[in-house]
Each structure stands twice: as structure tokens, then as C-alpha cells.
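Small disclaimer: the values here were computed from a predicted structure and weren't measured. Every chain is numbered from 1 and lettered A, B, ... according to where its sequence line falls, protein lines coming before strand lines.
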Number of protein chains: 2
Amino acid sequence: MKFNTPTSTALYAIEETIKAYRRLSQQNISAVVPKITVDQALILIIIDREDKTQSEIADLIFKDYASMTRIIKLMIEKKYLTKMIDEADRRKTKLKITTNGKSIIEQLKPVIQKNRAVALNNVSDEELEQMYKTLNKITQNCQIARK
Amino acid sequence: MKFNTPTSTALYAIEETIKAYRRLSQQNISAVVPKITVDQALILIIIDREDKTQSEIADLIFKDYASMTRIIKLMIEKKYLTKMIDEADRRKTKLKITTNGKSIIEQLKPVIQKNRAVALNNVSDEELEQMYKTLNKITQNCQIARK
DNA sequence: AACTTTTATTTGATATATCAAATAATTACA
DNA sequence: TGTAATTATTTGATATATCAAATAAAAGTT
């Protein structure tokens with residue numbers, strides 16, 4: 001089993017990068033809104049943009065439905081959200097951002113923008129585009145192989 | 001807050017790819033060695049290659065030391081490893097793979113190789129190299145910003 | 001209408017992530 | 001040499017990941 005091959009290092013790098021980015025994001029988010037997690041911040045902003053069911057949000061940010069249930073639960077306990085049954089389809093859930101949640105979103109927006117800018121400093125659009133394509137190719141490979 | 005910008009999609013893609021790869025890996029590993037996780041498999045192989053302390057392994061695979069403690073604990077419970085105090089420096093720990101662990105490693109090696117090959121199918125060395133550079137740039141950006 | 005299948009969400013069990021604080025051993029240095 | 005600073009690991013608390021199984025409601029079928 002070889003390490004330090006282009007194959008393995010490239011795959012490790014993906015993991016390394018996402019962790020570095022998450023740490024940076026969490027640090028900067030915490031400085032503005034203590035006690036909210038990166039995931040919760042993102043979910044809050046997604047709900048704010050557009051009404052979505054839990055499962056739709058989960059699909060959007062690559063979360064398991066079970067995880068989503070628990071994250072939403074915590075977000076309700078923290079008073080960022082409220083939850084109601086969707087009367088049109090009683091299996092579904094309607095999520096609504098509280099006033100408190102709204103104000104948190106406003107605080108978070110510039111931080112999230114800044115995080116992205118910092119992370120992508122000196123990365124050209126071509127580089128980004130190229131990376132995106134390669135990542136998608138790998139994702140496709142993995143998903144196809146699982147069917 | 002805009003989504004679907006090159007900026008945000010590229011960063012999401014990193015997360016998506018690593019999750020897709022982890023799922024594929026876990027599925028194929030579970031088919032050969034039930035009950036072992038991707039992380040545990042990787043750690044086992046690292047220890048097999050070279051003696052390392054927990055912290056060194058943690059650094060290598062981007063794990064928190066606290067996480068490492070718990071993963072090692074589980075691996076010992078599962079009889080993949082044994083643990084002893086390093087008498088040269090009693091703060092440190094020596095990890096040793098059991099016979100059982102050794103045989104598991106042999107079963108895992110081809111699976112891990114195959115996972116990598118599948119994930120990187122049709123991805124050229126140039127693409128891989130380019131992605132690696134971009135990812136490293138992003139990682140650097142995030143790490144520098146945290147200091 | 002009764003029955004089956006599908007869909008959305010939840011729950012249980014176990015593993016990992018993260019931060020802060022605690023332990024315990026080692027090293028630096030006044 | 002004694003004490004402070006550093007290093008390796010652990011523990012506690014809380015959040016998230018994942019799989020399997022359970023619920024509950026809706027949709028499809030006969």
C-alpha cells in the first residue's frame with residue numbers, strides 16, 4: 001500500500017481542504033454569533049432564501065435525513081426556527097425563521113462572504129472552474145460505482 | 001447572499017466529493033470487513049507502515065487528538081490494536097497491530113486501491129495535479145487566515 | 001374501500017468532530 | 001533543584017454522520 005502517490009495525496013487533499021475551510025468558517029462565524037455551527041448557519045440562510053422541506057435542504061447540502069432532523073431540532077431549541085406541520089401534506093414540515101433568526105442571518109451574511117473570499121484568494125476563475133470539473137468527475141465516479 | 005455562484009458551488013463541490021468518496025469507500029470496505037470504518041481502516045494501514053504516535057497519525061489524516069483517542073480506544077476494543085506506554089517518554093503511547101489486525105489489513109489493501117482507482121477513473125494526471133494545486137492553495141489560504 | 005407501496009420524518013445505536021479543561025510526564029530555566 | 005512552561009493524551013459536553021428500523025401520512029392498485 002503506497003502513500004504519497006498522486007492518487008492518494010489528491011484524495012487526502014480534498015479532505016484536508018474541506019476541514020481547513022470549515023475551521024476557518026467556524027472561527028469567523030463564532031466571532032460574530034457564538035454557539036451557532038457552520039451547518040446551522042448555512043441551513044438558516046437556505047431556509048431564508050426559499051421555502052424548502054427538511055429533505056430538500058438535506059439533499060442540497062449533502063446531509064443525511066437523520067442528521068437533518070437533529071440539526072433542525074437543535075435550531076428550534078435555540079430559537080432560530082419554528083416548525084409546523086404542512087397541512088397540504090401532513091408528512092412534511094414547514095420551517096419558519098424567527099425574528100431572532102432573521103437578525104442572525106444579517107450578521108452572518110458578510111462573514112460567509114468573507115470566508116469564501118479569503119479561502120479563494122488568488123485562485124483564478126479558470127482554476128476554480130477546472131477544480132470544479134475534476135471534483136464533479138470524481139463525485140460521478142463514486143456515485144455510479146455505488147448503484 | 002448568492003448561491004450558485006462559481007465561488008460557492010466550487011466550495012460545495014469539495015464537500016460533495018469527499019462525502020461521495022467516503023460513502024463508496026465505506027460500502028466497499030464493509031463488504032469485505034464488516035464493522036470497520038473508513039477511518040479505522042486507514043489508521044490501521046498507517047500504523048502498519050510505520051510506528052507513529054497517536055498525535056502523529058492524527059496530524060497525518062487531519063484528525064483532532066480527542067477524536068484520535070476515541071478511535072484508537074474503539075480499535076483496541078475491537079482487537080485490531082494493542083497499546084502500551086512508551087517507556088522512553090511515558091506521555092506517549094505505542095500502538096501495535098494484533099494478528100487479527102494484520103489479517104484485516106491484507107483484506108483491506110486491495111479494496112482501498114480499488115476505491116481510489118474507481119474514484120479517479122478517467123481523471124488524467126494533469127487534472128489531478130491541477131486539482132491538487134488548487135486545493136492546496138485554498139488550504140493555505142484558510143490556514144494563514146486563522147493565525 | 002381495503003391493501004400495498006412510497007414518501008417524509010423520526011428514533012436508536014454507534015462513530016466521529018470540536019472545543020475546553022484536566023492529567024501526567026518532560027523540558028526549560030531561573 | 002525547584003518551578004514554570006510545554007507536550008501527549010484523555011475526558012466531558014455537545015454537534016454531526018450513518019445505518020437500520022419505526023412512524024405516519026399520501027398515493028397507487030385491485
Side-chain angles (χ1 to χ4, degrees), chain A residues 15-16 18-27 29-31 34-44 51-78 80-81 83-95 146, chain B residues 15-16 18-31 34-44 51-59 61-78 80-81 83-95 146:
Chain A
E15 184 113 28
E16 184 177 22
I18 200 62
K19 289 201 175 174
Y21 179 57
R22 282 190 152 262
R23 276 176 199 157
L24 172 70
S25 299
Q26 185 64 67
Q27 175 172 295
I29 285 175
S30 295
K35 310 250 173 202
I36 197 168
T37 69
V38 175
D39 291 320
Q40 290 174 6
L42 182 59
I43 290 168
L44 206 51
D51 271 7
K52 287 198 180 301
T53 65
Q54 285 184 206
S55 317
E56 284 168 341
I57 299 169
D59 290 338
L60 206 57
I61 59 174
F62 323 115
K63 298 276 176 198
D64 191 270
Y65 300 148
S67 296
M68 189 56 51
T69 294
R70 281 148 186 152
I71 296 173
I72 294 293
K73 189 161 174 288
L74 287 173
M75 292 179 75
I76 291 168
E77 284 169 14
K78 289 182 180 170
Y80 303 147
L81 294 178
K83 182 173 174 174
M84 291 165 298
I85 290 173
D86 181 343
E87 289 301 334
D89 180 343
R90 299 178 47 81
R91 290 168 304 184
K92 293 183 184 170
T93 265
K94 287 207 171 196
L95 299 169
R146 270 170 47 83
Chain B
E15 183 112 32
E16 183 178 22
I18 200 64
K19 289 201 175 174
Y21 179 58
R22 283 191 152 262
R23 275 177 198 155
L24 171 70
S25 299
Q26 185 64 67
Q27 175 171 297
N28 291 337
I29 285 176
S30 295
K35 310 252 176 201
I36 198 169
T37 69
V38 175
D39 291 319
Q40 290 174 6
L42 182 58
I43 290 168
L44 205 50
D51 270 6
K52 287 196 180 306
T53 66
Q54 284 184 206
S55 318
E56 285 168 342
I57 299 169
D59 290 339
I61 59 174
F62 323 115
K63 299 276 175 197
D64 191 271
Y65 299 149
S67 296
M68 189 57 50
T69 295
R70 281 148 185 152
I71 296 172
I72 295 294
K73 189 162 176 286
L74 287 173
M75 291 179 75
I76 291 168
E77 284 170 13
K78 288 183 181 172
Y80 302 148
L81 294 178
K83 182 173 173 172
M84 290 164 300
I85 290 172
D86 181 343
E87 289 302 335
D89 181 343
R90 297 178 50 79
R91 289 170 302 185
K92 294 182 185 172
T93 264
K94 288 208 171 196
L95 299 169
R146 269 170 48 84

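Between Glu87(B) and Lys94(B) there is no salt bridge, since no side-chain nitrogen of the basic residue lies less than 4.0 Å from a carboxylate oxygen of the acidic one. With respect to Lys19(A) and Asp64(B), no salt bridge is recorded, no charged nitrogen being found less than 4.0 Å from a carboxylate O.
The distance between atom NZ of Lys92(A) and atom P of dA26(D), rounded to the nearest whole Å, is 11 Å. Atom P of nucleotide dT18(D) and atom CG of Leu24(B) are separated by 13 Å, given to the nearest angstrom. A straight line from CZ of Arg90(A) to P of dT6(C) spans 24 Å, rounded to a whole angstrom. The distance between atom NZ of Lys35(B) and atom P of dC19(D), rounded to the nearest whole Å, is 13 Å. Ile36(B) has its CD1 atom 15 Å from the C1' atom of dT14(C), to the nearest Å. Atom C1' of nucleotide dA17(C) and atom CD1 of Ile29(A) are separated by 16 Å, given to the nearest angstrom. In this structure, CD of Gln26(A) is placed 16 Å from P of dT14(D), rounded to the nearest angstrom. As a whole-Å value, the separation of Leu95(A) CG from dT9(C) C1' is 11 Å.
If you take CG on Asp59(B) and OG1 on Thr53(B), they are separated by 8.0 Å, rounding to the nearest 0.5 Å.
Remark: side-chain polar atoms of Gln26(A) are paired, donor with acceptor, to backbone N or O of Ile36(A) under 3.5 angstrom.
Closest contact between the side chain of Thr37(B) and the listed nucleotides dA15(C), dT9(C), dT26(C) involves dA15(C). In this structure, of dA15(C), dT18(C), dT10(D), it is dT10(D) that holds the atom nearest to the side chain of Gln54(B).
Side-chain contact annotation: Gln54(A) with Lys83(A), donor-acceptor N/O pair under 3.5 Å present.
Residues satisfying the side chain to side chain donor-acceptor pair (under 3.5 Å) criterion with Asp86(B), sequence neighbours excluded, are absent altogether. Taking the side chain to side chain donor-acceptor pair (under 3.5 Å) definition, one finds that Glu16(A) meets it with nothing, sequence neighbours left out.
Scanning atom types as modelled, no donor and acceptor separated by under 3.5 angstrom connect the side chain of Arg91(A) and the base of dT9(C).
Residue Ser55(A) is the one, among Ser55(A) and Lys19(A), whose nearest nucleotide of DNA chain C lies closer to the 5' end (criterion: closest heavy atom).
Regarding contacts with the backbone of dT10(C), a side-chain N or O of Lys83(A) is found under 4.0 angstrom from either OP1 or OP2. Taking side-chain N and O atoms only, Gln40(A) has a distance below 4.0 Å to OP1 or OP2 of dT16(D).
Contacts between residues 64-74 of chain B and DNA chain D, defined by a heavy-atom separation under 4.0 Å, are made by Tyr65(B), Ala66(B), Thr69(B), Arg70(B).
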